[in-house]
A.B. asks: 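What follows is a structure written as structure tokens; I'll ask about it next.
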Amino acid sequence: MNRVAGRAGITLLLVLLLLVGFVLFLFEYVIKAEDWVVFDGSPHVYSGGNIGCGTVVDRDNILLLDMNGQRKYSSLEELRLSTVHWLGDRKGSINAPALPAYASELVGFDLLSGVYSYGKTGGVAQLTLSADVQTAALKAMGKYKGTIGVYNYKTGELLCAVTTPTYDPDNIPDLEKDKDGKYEGLYVNRFTQSSYTPGSIFKIVTLSAALETIPDIQKQKFVCRGSYKIGADEITCEDKHWTQDLKSAFKNSCNVAFAQIAEQIGGETLQKYARQFQITDSVQFDGITTVEGNFEVADTDSVNVAWGSIGQFTDQINPCTFMTFMGAIANGGRGVYPYVIDNISVDGLKTYHAKANTNDRIMSANTAKIVQKYLAFNVTENYGSENFPGLTVCAKTGTAEVGGGEKPNAMLTGYVADEEYPLAFIVAVENGGYGKSVCVPILSEVLAACKKAMDS
Amino acid sequence: MNIFLASILDAPEQYVNVFMGLLRWVAPVLVFVLLLRCIMPLMTFRREPEIWAWLRFSDDKQLPVTHWENVIGRSKNSDIVIDFPTVSRNHAVLTRYDDGSWTISDVGAKDGVRVNGKRVRIRALKPEDVICIGGVEMVLQPISAKQEQKLAQLRTKGATVFSSFFNVLLLSVFQILCAMAFLLGNGTENAVNVFLGFGGIMASQWLLLLFYICIRRTSFEVETVAFFLCTMGMAVIATIDPAETLKQLIAMILGIALFLMVGWSLRDLERAKTFRYVAAACGIGFLLITLVFGTTYYGAKNWLVIGSLSLQPSELTKVCFVFVGASAMDRIMTKRNLILFIGYSIAICGCLALMNDFGTALIFFTTFLVIAYMRSGSIGTIALALTALGFAGVVALRIAPHALQRFSSWRHIWEVPFDAGYQQTKALMCMASGGFMGLGPGRGWMKNLFAADSDVAIATVTEEWGLIMLVMIVLCIVALAVFAVRSASVGRSSFYTIGACTAASVLLVQVILNTLGTVDILPLTGVTFPFLSNGGSSMICAWGLLAFIKAADTRQNASFAVRLVKKGGLEDE
């Protein structure tokens with residue numbers, strides 16, 4: 001019997017195997033459970049392609065969405081329309097990654113309790129967006145397609161980001177019946193996921209590059225006779241601006257003057273500065289990666305360099321990235337990245353709180369200061385300060401030719417210089433026409449709403 | 001009763017939430033206390049050496065005989081060592097029987113065994129018979145009936161009636177809480193099924209305990225652990241497929257019947273040896289019937305469908321295989337017996353290969369290894385067998401793309417979460433969502449997943465009852481196995497020891513494949529978790545195996561599968 005009793009130990013070998021394997025699993029569990037819980041398609045966190053728990057409120061605690069069960073959106077149609085691209089719809093048609101990025105904070109997962117929450121599941125995600133500003137911006141955009149973004153360039157809070165065309169998640173339109181392109185690009189959040197030909201707002205980039213590279217640029221005079229020959233080709237202006245200094249050329253948005261400036265800078269250097277200003281980079285925040293822009297003038301004819309320097313040629317910018325660039329100028333050459341999720345709390349406990357994410361310095365403080373001055377000059381001398389009561393707005397408009405016989409895209413970007421309202425903005429209106437006539441009234445309404453939201 | 005039920009079902013949501021919130025903490029504590037009370041005696045019972053007889057030599061020296069089966073030989077591993085050059089390493093086996101009689105058998109030594117000068121192969125010993133082994137003469141002197149009584153009094157007792165009663169009471173409280181949770185959470189819809197399921201287990205455990213008390217057996221630890229696992233299985237079925245609770249209950253009752261039957265057949269070693277032949281015939285018969293009349297599900301032909309009933313006869317073959325594999329010491333020491341067993345194993349293996357059931361084949365193979373090692377003690381045999389498995393495995397994988405696919409996603413399930421890794425990734429997501437304490441019974445998502453009450457049942461348990469509960473469940477099986485091993489040194493016969501260790505090994509292998517397969521430590525093989533997974537055949541098999549573990553329990557008054565020594569002689573049937 002001694003022998004058989006000894007051999008019984010083989011069963012202990014299986015016990016050991018089980019225990020080793022099981023401990024290995026427990027080890028994996030402790031380390032990875034949080035990842036497993038928020039993995040794509042995790043049943044307690046997502047329903048369909050969406051997060052299936054928690055609620056979303058705006059910066060003033062106005063309920064935007066209850067994600068439990070069948071997802072309940074705001075009872076106000078215009079609020080549903082103006083926020084759906086950030087919240088996503090029930091079918092997951094929109095790529096809205098901000099909330100899923102904080103799935104684990106939102107479900108309030110911890111090892112002890114899992115996703116259990118007394119009587120309910122999920123926490124509250126507070127967005128930086130203002131419901132009032134969103135609805136005001138949507139109204140201001142009217143029937144236009146495009147996007148508006150406004151953010152606090154001191155903190156990074158995204159106060160307003162509206163994209164059109166949009167739709168009501170409670171009443172999804174039938175895209176099959178859309179014959180006139182009314183719903184073209186309906187599911188795209190244009191603010192983060194589209195790129196536009198910038199037109200003259202790109203002159204801010206060329207201006208900044210010139211200030212950094214050409215020492216006497218502010219003393220130079222530029223003559224505009226309505227067109228400027230480069231080899232066999234010609235750069236044209238809307239008007240004959242005659243002799244002007246840099247500041248006036250910028251205010252007049254003079255293509256001829258900027259073609260001459262681009263010639264002085266050279267394609268290669270201009271491209272180097274565009275890269276330094278991070279004009280074509282992706283901005284990343286809250287799980288969102290904006291699309292990259294395009295600026296390729298290093299190895300091309302000088303006429304193309306000239307067109308590129310005034311935001312035509314193959315130039316493409318993403319509205320969110322360009323707004324961030326404006327924030328950097330407003331901040332004296334060093335900006336902060338935007339964000340849209342302010343905080344998340346579960347059962348009253350904060351599981352996430354956003355912090356300002358400061359960028360590297362992209363231009364000298366001196367250059368930024370001069371650009372600020374020029375942008376302010378544009379508004380006082382050209383666009384009209386009276387459009388922005390109570391606010392010191394500095395801006396630049398653009399009218400980007402898109403070809404194909406379509407009306408140009410109207411663009412407007414800039415910032416508010418007031419300490420109490422540190423807001424940088426961009427407005428892009430597709431096939432809107434002139435930047436000044438189309439975008440300025442829209443911005444006027446949106447900034448007024450922003451001011452009101454910040455005052456309250 | 002109806003008013004009480006109605007008041008439970010109509011309870012306002014906040015009360016339900018309070019109850020569920022409390023249950024998350026009460027349930028694991030209750031189960032912990034229960035299992036601690038059941039498992040501690042199994043892990044700590046004293047195994048004092050018992051002297052059953054003395055061997056007196058011609059020079060008046062005496063050697064104690066400490067087992068019922070004793071190998072006499074020159075080898076240091078022998079139970080009775082006679083270090084004399086003419087004695088073979090393993091010379092003879094001295095065996096004691098239930099009635100206190102002894103035999104001596106020759107196990108193939110060159111010189112043979114002589115009793116009173118006559119060479120014998122096997123011989124019942126009478127008082128004063130002179131045994132001669134390799135020229136060494138000795139006389140066996142069994143202890144007296146009085147000494148035997150004393151031995152029984154000194155032997156570690158099984159649990160007291162009160163202790164067993166209290167454990168079953170604790171388990172009943174847990175079962176009532178389970179039933180209440182499902183009734184509160186799901187309302188009237190499945191009230192009858194829930195009542196039947198948990199109430200049926202509760203009634204069964206009380207009846208079995210009552211039966212034990214009637215036949216003066218008091219240990220109920222092993223059974224309580226099994227009933228607890230059945231309860232958790234019922235909790236899984238109540239959440240996944242409440243309509244099946246009755247079916248599972250019936251399977252459990254049939255399982256208990258098999259448990260008692262196997263236990264009864266093991267009570268008498270001679271009877272057990274006869275039963276081996278019946279078991280051998282049944283074991284192979286079940287497989288042959290499946291091969292001829294079986295139905296193929298998910299690539300494996302291991303189902304027998306009779307009307308609305310579907311059986312897996314290969315599960316019952318496991319019990320038979322353990323029976324066939326077990327062997328008393330006098331047989332172990334002869335080679336012929338092992339060859340027969342190898343032949344039988346090959347026949348079983350052939351049937352399984354034709355059935356194309358990978359998981360079951362693996363269980364049988366491991367069982368074979370355990371039996372082969374326990375009988376031969378040869379590492380070499382095991383190494384050869386493992387090599388053979390390696391080759392067979394490679395060939396099987398080349399042939400069966402179904403199995404290969406399972407292996408290809410192993411440890412890579414998160415790369416194919418909507419394909420080959422779907423079942424396991426979803427199971428892990430749910431297990432993680434449950435955390436240590438669980439989401440509460442009926443509040444999981446697993447019901448939407450395939451095989452959530454069988455192959456990946458542990459994920460359902462973890463999601464709703466928490467990881468702590470899973471740890472305790474796995475430790476239950478570990479405890480049963482360790483108990484079987486611990487009992488080996490005081491085993492009455494190698495038949496029981498081999499039976500218990502092999503049965504424990506089958507349970508262990510199933511838990512290893514099921515648990516570690518679900519969580520992607522091993523490839524998923526679709527094996528059931530004993531007592532827990534939904535499946536009648538599996539449930540019956542688990543109880544059948546438990547009888548072998550129970551039969552190895554030699555504590556006084558502990559096991560119904562061990563006869564009591566009464567004042568007037570042996571206990572009746």
Side-chain angles (χ1 to χ4, degrees), chain A residues 1-47 49 52-53 103-104 106-122 347, chain B residues 13-14 17 21 24 67-71 77-79 329 332 366 369-370 373-374 377 414 417-418 425-426 428-440 445 448 463 466-467 471 474 477-478 481-482 484-485 488-489 491 494 497-498 501 504-505 508-509 511-512 515-516 519 521-522:
Chain A
M1 271 312 286
N2 280 347
R3 238 170 281 182
V4 171
R7 292 173 198 160
I10 192 169
T11 304
L12 293 182
L13 210 65
L14 289 173
V15 168
L16 189 72
L17 190 66
L18 171 61
L19 290 181
V20 167
F22 196 61
V23 166
L24 201 66
F25 158 66
L26 292 179
F27 189 68
E28 270 194 351
Y29 185 97
V30 169
I31 295 191
K32 295 182 183 166
E34 186 159 3
D35 297 338
W36 294 342
V37 167
V38 297
F39 195 86
D40 248 1
S42 178
H44 289 281
V45 178
Y46 304 98
S47 67
C53 59
S104 123
L106 204 50
V107 289
F109 172 82
D110 69 72
L111 273 176
L112 186 66
S113 285
V115 299
Y116 177 88
S117 173
Y118 178 75
K120 62 174 175 62
T121 52
D347 292 337
Chain B
E13 205 183 326
Q14 65 263 36
N17 286 334
R24 291 176 70 238
H67 297 285
W68 282 31
E69 291 179 346
N70 304 274
V71 178
N77 294 324
S78 299
D79 298 294
M329 191 62 81
I332 286 182
T366 318
L369 286 186
V370 171
Y373 177 71
M374 289 197 70
W414 297 99
F418 294 104
T425 50
K426 281 284 187 288
L428 282 172
M429 288 169 195
C430 288
M431 289 174 90
S433 300
F436 289 176
M437 309 307 294
L439 299 175
W445 178 88
N448 301 304
E463 183 187 33
L467 188 71
V471 171
V474 169
I477 300 292
V478 167
V482 172
V485 174
S489 69
S494 63
T497 302
I498 295 176
C501 288
S505 299
L508 278 172
V509 174
V511 172
I512 289 172
T515 306
L516 303 186
V519 300
I521 296 288
L522 293 176

A.B. asks: Of the backbone (N, CA, C, O) and the side chain (C-beta and beyond), which part of B/S433 lies under 4.5 Å from a heavy atom of chain A, both, or neither?
C.D. replies: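 Both backbone and side chain of B/S433 come within 4.5 Å of chain A.
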A.B. asks: Looking at chain A, which one of B/L467, B/V511, B/V71 has the largest number of heavy-atom pairs inside 4.5 Å, strictly under?
C.D. replies: B/L467
A.B. asks: Please look at B/L516 and chain A and tell me whether the side chain, the backbone, both or neither of the residue comes under 4.5 angstrom of a heavy atom of that chain.
C.D. replies: side chain
A.B. asks: Using non-hydrogen atoms and a 4.5 Å limit, figure out which bit of A/E28 sits close to chain B: side chain, backbone, both or neither.
C.D. replies: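 The side chain, not the backbone.
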A.B. asks: Which one, B/M431, B/K426, B/E463, B/M374, leads in non-hydrogen pairs under 4.5 Å with chain A?
C.D. replies: B/M374
A.B. asks: Answer with side chain, backbone, both or neither: which region of A/F22 has an atom nearer than 4.5 Å to a non-hydrogen atom of chain B?
C.D. replies: both
A.B. asks: Please look at B/V471 and chain A and tell me whether the side chain, the backbone, both or neither of the residue comes under 4.5 angstrom of a heavy atom of that chain.
C.D. replies: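 B/V471 touches chain A through backbone and side-chain heavy atoms alike.
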A.B. asks: Ignoring hydrogens, what is the shortest heavy-atom contact between A/A8 and B/V485? Give both atom names and the distance.
C.D. replies: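 So the minimum-distance heavy-atom pair works out to O-CG2, 3.6 Å.
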A.B. asks: Report the relative orientation of the aromatic rings in A/W36 and A/F25; use parallel for angles under 30°, tilted for 30 to 60°, perpendicular for over 60°.
C.D. replies: parallel
A.B. asks: Using a 4.5 angstrom heavy-atom cutoff, name the option from B/V370, B/L522, B/L369 with the most pairs to chain A.
C.D. replies: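 The residue among B/V370, B/L522, B/L369 with the greatest pair count is B/V370.
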A.B. asks: Heavy atoms only, distances under 4.5 angstrom: which of B/A504, B/C430, B/A488, B/P417 has the most pairs with chain A? Name it, please.
C.D. replies: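 Most pairs with chain A among the choices: B/A488.
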A.B. asks: What is the distance from atom OH of A/Y46 to atom SG of A/C53, rounded to the nearest 0.5 Å?
C.D. replies: 9.0 Å
A.B. asks: To the nearest 0.5 Å, tell me how far B/S494 OG sits from A/M1 CE.
C.D. replies: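 Going from OG on B/S494 over to CE on A/M1, the span is 6.0 Å.
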A.B. asks: Shorter than 4.5 Å, heavy atoms on both sides: which option in A/I10, A/L13, A/L112 has the most such pairs with chain B?
C.D. replies: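 Looking at each of A/I10, A/L13, A/L112 in turn, A/L112 comes out on top.
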A.B. asks: Any donor-acceptor pair under 3.5 Å linking the side chain of A/Y29 with the backbone of B/G435?
C.D. replies: yes
A.B. asks: Considering only heavy atoms, which portion of B/L428 lies under 4.5 Å from any heavy atom of chain A: side chain, backbone, both, or neither?
C.D. replies: both
A.B. asks: Once rounded to the nearest 0.5 Å, what's the spacing between atom CG of A/L17 and atom CG of A/L12?
C.D. replies: 12.5 Å
A.B. asks: Measuring from B/I498:CD1 to A/R7:CZ, what's the distance to the nearest 0.5 Å?
C.D. replies: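 Output value for this atom pair is 8.0 Å.
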A.B. asks: Can you tell which part of B/T425 gets under 4.5 Å to a heavy atom of chain A, answering side chain, backbone, both or neither?
C.D. replies: neither
A.B. asks: Quick one: does B/D79's side chain have a donor or acceptor within less than 3.5 Å of a partner on A/N2's backbone?
C.D. replies: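 Yes.
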A.B. asks: For the pair B/R24 (side chain) and B/G438 (backbone), establish whether a donor and an acceptor sit closer than 3.5 Å, ignoring hydrogens and angles.
C.D. replies: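 Judged by distance alone, yes, a pair lies under 3.5 Å.
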A.B. asks: Counting heavy-atom pairs closer than 4.5 Å to chain A, which one of B/V482, B/N448, B/L508, B/I477 comes out on top?
C.D. replies: B/L508
